[in-house]
There are 2 protein chains.
Amino acid sequence: MTLPALDRHSAVPLYYQIQQHLLGQIRSGALKPGEPVPSELELSAGLRISRMTARQALKSLCELGVAYSRRGKGTFVSEMKLERNFRQALSFSEEMQARGSKPRSRVLSFEVTDATPDVAKALRLPHGEKVVSLRRVRLADSSPMGIEWSRLPLQLCPDLLRSFDPRGSLYQALQERYGIRIAVTEEVVEASVAGAGEAKLLGIRRSAPIFAFTRTSYVRGGQPVEYVKSTYRGDRYKLVNRLTRPDGGSAGED
Amino acid sequence: MTLPALDRHSAVPLYYQIQQHLLGQIRSGALKPGEPVPSELELSAGLRISRMTARQALKSLCELGVAYSRRGKGTFVSEMKLERNFRQALSFSEEMQARGSKPRSRVLSFEVTDATPDVAKALRLPHGEKVVSLRRVRLADSSPMGIEWSRLPLQLCPDLLRSFDPRGSLYQALQERYGIRIAVTEEVVEASVAGAGEAKLLGIRRSAPIFAFTRTSYVRGGQPVEYVKSTYRGDRYKLVNRLTRPDGGSAGED
DNA sequence: AAGTGGTCTAGACCACTCG
DNA sequence: GAGTGGTCTAGACCACTTG
C-alpha cells in the first residue's frame, strides 16, 4: 500500500489530498473491491497526521459511497460499481455531454409571463409575479429527446431575456451571470403516452410511451430557482437511480 | 433558543442527542427555515462540550439536508420541505404502509430455478447457479399496483422456499431469518406500455402507460442480494426523487 | 491481547462575513 | 475586530472483532 505524498503548504486540505489519493488507488485497481483501505492508525502514523484527519479522509470516502466502515474490522472498498452513471441533478446539456452526445435546442418560446398558480406555488412567489418562461425541444446529436418548459422568477435573473442565448445551457448562464448554483432538484416522474402535439415535436407516433417530469430546483439554502415541466421519449431515455435505505444502521450482520 | 439537557451517561452519543434536539426544534417550528441554528461556539459553551462535538452535531444535521452551513456566517435551517416523501430503497410493503395503504400479494409462482444469464450477471453468480424465483402481483388495498419478479441467490437463503410465506414482506424475512439487510438499490426505470398479459394481471387496458423497473439490491458491502424486474401501473404510481448536484462546492453565491 | 472504528476533549490557526 | 465555520493536532476511553 503506497501512501500519498502530502503537500502541507497547499491550500488543498490534507484529508482531501488523502481522499483523492485513495480514490485514485481504487479507480486504478490497486485497491480492489472488498479489500481494506489503510486504517486510521496506519494513515496517521504513516503520514504524520493526527488520527482525526485520517478519519476525516476515510469518512469522506464512505460518504462518496466507494468504501464502508465496520467498527472493530476496518474500512473496505465497496463492491458496488462506482460508475458515475447514477442520476444527479444535471442539466440537459451536462447529461448529454456526459453521454458523449452533443446537446442542442430548438427554441419554441422565450418570454416573460405571469406565474400561473402551480408555478407561483412551486417557486414560492406571490400571485401574479412575473417569471421568465422558456420552451425548448431538446436534441441529442440533432435527434429530438424531449420537450422542456422552464419557468424562473424574473427577479432572480432580471435581464435573462436580453443576455441569454436560449439555445445554450441555462444552468451555465445562471451561474456565470448571477452566481446562482443549483444544489438540489426535486422531481416527480410519471409514465404516460404522447399526445398529438408532443408526438409531432418529438418525432414519435401518438400514444408512444413517454416520461413526464415535474421538477423544482433549489440553491443550497432551499430557495427555489427553476420550475420545469418536461416530456421525454420513452424509447430514448432511461432513469438510472441509486436508492439508499432509511437506516443503514450499525447493527451487525455479516 | 433552548438548549437540550444532555445525558452524559447515556449510550446515545452526545452529538446525536444534540442533533435530535435541534431536529425537534425544527419540526416543531421553534426554529424556522432560514433562521440560524446555534453556532458551534454557542453549543460548546452552553452545553459544556468540545467544539468538535458541537460541530459533529451540526454536520449531521447538514447531512440530513435540514440545514446548511456557510463559512463566516453560520448554520441555517434549510428552506426545503423536509418531508420524507423522497424515494428510498423501500420494499413494496414498506412503501404502501408509508402511504397508508395495506400491502397484499397474489403469488404467481415461488420456486427454485436456474439463473438466466442476466440474473447471474446481476447477482454475480456462476453460470447455472440456483436462484429462488418469486413472482407476485402486488396490491394496495386489494387493487393491483404492479407485478414483481424477484430472484435471489439460493445459497444466501437456502430454506426460503420452505420457511417464507410468499404473501409477506420479503425484506423482513431476509432480515429476520438470515440477518440480511438491504443497504442500497440500483434501478433502471423505463417508460413503456402494457402488453396483453400485464394488462390482464393489472386490470388495465392494453397499451396503458406503465413503469418498467429493473432493480438490483445490495447489502452494505456491495454484495448483490436480489434482482427484480417489475412493472407498475402508470396511473397509480409516481416516482418522487430528490437529486443532488455533483459538486455543491463551497464557492460563494448568495 | 491487539487492532479496529466511534466518540470526545481542549486547545490551535485560518478564511470568510459583517458591521 | 468579532464572530463564524473549515481544518488540524495529540491525546483519551470505549465497543467491537479477531486470533
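Keep in mind it's a predicted model, so treat the numbers as computed, not measured. Numbers restart at 1 for each chain; the letters A, B, ... are given by sequence-line order, proteins then strands.
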Indicate whether OP1 or OP2 belonging to [N] is found under 4.0 Å from a side-chain N or O atom of [X].
| X | N | answer |
| --- | --- | --- |
| A/Arg51 | D/dC13 | no |
| B/Tyr15 | C/dC8 | no |
| A/Ser69 | C/dT4 | no |
| B/Ser50 | C/dG11 | no |

Show me, pair by pair, the donor-acceptor contacts under 3.5 angstrom made by side chains of residues 160-169 of chain A, not counting sequence neighbours?
unit_1: A/Ser163; atom_1: OG; unit_2: A/Asp159; atom_2: O; d: 3.1
unit_1: A/Asp165; atom_1: OD1; unit_2: A/Arg167; atom_2: N; d: 2.9
unit_1: A/Asp165; atom_1: OD1; unit_2: A/Arg167; atom_2: NE; d: 3.2
unit_1: A/Asp165; atom_1: OD2; unit_2: A/Arg167; atom_2: NH2; d: 3.0
unit_1: A/Ser169; atom_1: OG; unit_2: A/Gln172; atom_2: N; d: 3.2

What is the distance, rounded to the nearest whole Å, between atom [atom1] of [X] and atom [atom2] of [N]?
| X | N | atom1 | atom2 | answer |
| --- | --- | --- | --- | --- |
| A/Phe76 | D/dT17 | CZ | P | 12 Å |
| A/Gln19 | D/dT7 | CD | P | 11 Å |
| B/Leu14 | D/dC13 | CG | P | 17 Å |
| A/Arg8 | C/dA12 | CZ | C1' | 15 Å |
| A/Leu47 | D/dA10 | CG | C1' | 16 Å |
| B/Glu40 | D/dA2 | CD | P | 20 Å |
| A/Leu43 | D/dT9 | CG | P | 12 Å |
| A/Leu6 | D/dT7 | CG | P | 15 Å |

Side chains of B/Tyr218 and B/Glu186: any donor to acceptor distance under 3.5 Å?
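B/Tyr218 and B/Glu186 do have a side-chain donor-acceptor pair below 3.5 Å.
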Any residue meeting salt bridge (Lys or Arg N to Asp or Glu O under 4.0 Å) with A/Asp114, in chain and number order, not counting sequence neighbours:
A/Lys130
Interface polar pairs with nucleotides 1-3 of chain C, N/O, under 3.5 angstrom:
unit_1: C/dG3; atom_1: N2; unit_2: A/Gly72; atom_2: O; d: 3.0

Restricting to pairs with a member in residues 90-99 of chain B, which pass side chain to side chain donor-acceptor pair (under 3.5 Å), not counting sequence neighbours?
A/Arg245-B/Glu94, B/Ser91-B/Glu94, B/Glu95-B/Tyr237
Residues of residues 52-62 of chain B with a heavy atom under 4.0 Å from any atom of DNA chain D, listed by number, are B/Met52, B/Arg55
Within-4.5 Å side-chain heavy-atom neighbours: [X] and [Y]:
| X | Y | answer |
| --- | --- | --- |
| B/Leu243 | A/Val184 | no |
| B/Tyr227 | B/Ser217 | no |
| B/Ser10 | B/Gln17 | yes |

Going by the side chain to side chain contact (heavy atoms under 4.5 Å, CB included) test, name the single residue among A/Leu14, A/Val66, A/Leu61 that passes it with A/Gln19.
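Among A/Leu14, A/Val66, A/Leu61, the one meeting side chain to side chain contact (heavy atoms under 4.5 Å, CB included) with A/Gln19 is A/Leu61.
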So, using side chain to side chain donor-acceptor pair (under 3.5 Å) as the criterion, who are the partners of B/Thr75 when residues are at least two apart?
B/Ser69
